[in-house]
Amino acid sequence: MKGKEKRLSDLKKMLQIENSMKISEISDELGVSPMTTRRDIEILAEQGIVKVLHGAVIYNSNDSAGGLSDYMLNIAENQNVDKKKHIGRIAASFVEENDILFIDAGSTTESLAHNLPMDIPLTVVCYSINIFLAVAGRKNINIILSGGTYNRTTMILEQPKIADELLNNRTKKAFISASGYHTKLGVTCAHQSECLVKQTALSSTMESFLLVDSTKFDNVHSCFFAGSEDFDHIITNGDLPQNYREYFDQLNTKIHYTE
């Protein structure tokens, strides 16, 4: 394989694994100049394989379970995905062989799904299409997908009541997302259809994880579903407001910060 072809192949493989990278990171990994990297990215962008958003190169393959979903790409157009990517990596480090996982809807939990280990058997319980697509190609993962009416905006399969797949399954670890976190008003989300699902998942698991990036603090949405004490672990970014660091110091919950 010629040098340029091999470089493009290596670049695609890296982005399939990482989902998104900065140009400087790609240059360092490939050992080429930023100018060469930009030319390579332009080629992949013209082929529809990647997108460049806010300085990040994002793998964009709708026909591959390894690529980011349209939902995640829509999020990326408005927010830097780095915060969510780092949280997803830390969350994935807690996953163990034969774990039964509940993975909530959302872009941060999708980052976790992309980072799940590929060499150990797992079971994933989910109710959103973006999470399903992120794990569908993994032969090591048994998937339990809850049915319902498809909401194109949230990519959630909505049910008028909790489906049996969610109500009757027990999990070892539940990874929950949130749209807002407030010291007084608790953990909230934007869509009523998610609230009961999140509460059911929390009551049906051995160990609970809240994945919340630092932009969510002091945000409040209409649907309250949990308090800080309802989680065994909270995974967030290191750049959260100082008053929240002080607040977390008083909790029994284990707090994990990204770099």
Determine whether [X] and [Y] make a side-chain contact, defined as any pair of heavy atoms from C-beta on separated by less than 4.5 Å.
X: Val124; Y: Ile144; answer: no
X: Val95; Y: Pro117; answer: yes
X: Cys223; Y: Thr188; answer: no
X: Leu185; Y: Phe224; answer: no
X: Val187; Y: Phe231; answer: yes
X: Ile41; Y: Ile26; answer: yes
X: Leu251; Y: Tyr247; answer: yes
X: Lys254; Y: His256; answer: yes

Side-chain donor-acceptor pair under 3.5 Å between [X] and [Y], yes or no?
X: Ser33; Y: Thr36; result: yes
X: Gln159; Y: Ser146; result: yes
X: Ser214; Y: Lys83; result: yes
X: Ser177; Y: Thr109; result: no
X: Asp218; Y: Tyr181; result: no
X: Thr149; Y: Glu158; result: no

**Report entry** Full working for side-chain contact (heavy atoms from CB on, under 4.5 Å) between Thr183 and Tyr244
**Finding:** CA-CA 8 Å; Thr183 54; Tyr244 276 93; 3.5 Å; yes

Hey, is [X] close enough to [Y] for a salt bridge, meaning N to O under 4.0 Å?
X: Lys6; Y: Asp10; answer: yes
X: Lys173; Y: Glu96; answer: yes
X: Asp40; Y: Arg7; answer: yes

Report summary line: Separation between OG (Ser107) and CD1 (Ile131), nearest 0.5 Å, reads 9.0 Å

Which atoms form the tightest heavy-atom contact between [X] and [Y], and what is the distance?
X: Ala134; Y: Ala113; result: CB-CB, 3.7 Å
X: Ser111; Y: Gly88; result: OG-CA, 3.7 Å
X: Ser228; Y: Thr253; result: O-OG1, 3.3 Å

Query raised in the report: Passes salt bridge (Lys or Arg N to Asp or Glu O under 4.0 Å), Lys198 versus Asp104? Steps please.
Result: CA-CA 7 Å; Lys198 295 174 188 285; Asp104 199 5; 2.4 Å; yes

Sub-3.5 Å donor-acceptor pair from the side chain of [X] to the main-chain atoms of [Y], do we have one?
X: Asp230; Y: Gly227; value: yes
X: Arg245; Y: Gly238; value: yes
X: Thr108; Y: Ile87; value: no
X: Asn115; Y: Ile90; value: no
X: Ser204; Y: Thr200; value: yes
X: Thr205; Y: Thr171; value: yes
X: Arg138; Y: Leu116; value: yes
X: Asp99; Y: Leu101; value: no

Indicate if [X] and [Y] have the same hydrophobic cluster label, given that clusters are the connected sets of ILVMFWY residues with side-chain heavy-atom separations under 4.5 angstrom.
X: Met206; Y: Val125; answer: no
X: Ile120; Y: Ile143; answer: yes
X: Ile43; Y: Leu30; answer: yes

Requested in this report: Go through the steps for Cys189 and Cys195 under the test side-chain contact (heavy atoms from CB on, under 4.5 Å), then give the verdict.
Outcome: CA-CA 7 Å; Cys189 63; Cys195 272; 3.6 Å; yes

Report task. Give a yes or no on whether Asn98 atom CG has more than 12 heavy-atom contacts from other residues, nucleotides or ligands under 6.0 Å away. Result -> yes

Query raised in the report: Just wondering, more than 12 heavy atoms not from Gln47 lying within 6.0 Å of its CD?
Result: yes

Query - Arg170 NZ/CZ over Phe102 ring centroid, <6.0 Å and within 45° of normal - result: no

Requested in this report: Can you tell me which residue pairs pass the ring pair (Phe, Tyr, Trp, His ring centres under 6.0 Å) test with a partner in residues 135-178, sequence neighbours excluded?
Outcome: Phe175-Phe209

Query raised in the report: Should Tyr127 and Glu194 be marked as a side-chain contact (heavy atoms from CB on, under 4.5 Å) after you check the CA-CA gap, both sets of side-chain angles, and the distance that decides it?
Result: CA-CA 10 Å; Tyr127 68 110; Glu194 297 178 61; 4.0 Å; yes

Query raised in the report: Can you list the steps and then say if His182 with Phe217 is a ring pair (Phe, Tyr, Trp, His ring centres under 6.0 Å)?
Result: CA-CA 6 Å; His182 193 277; Phe217 291 100; over 10 Å; no

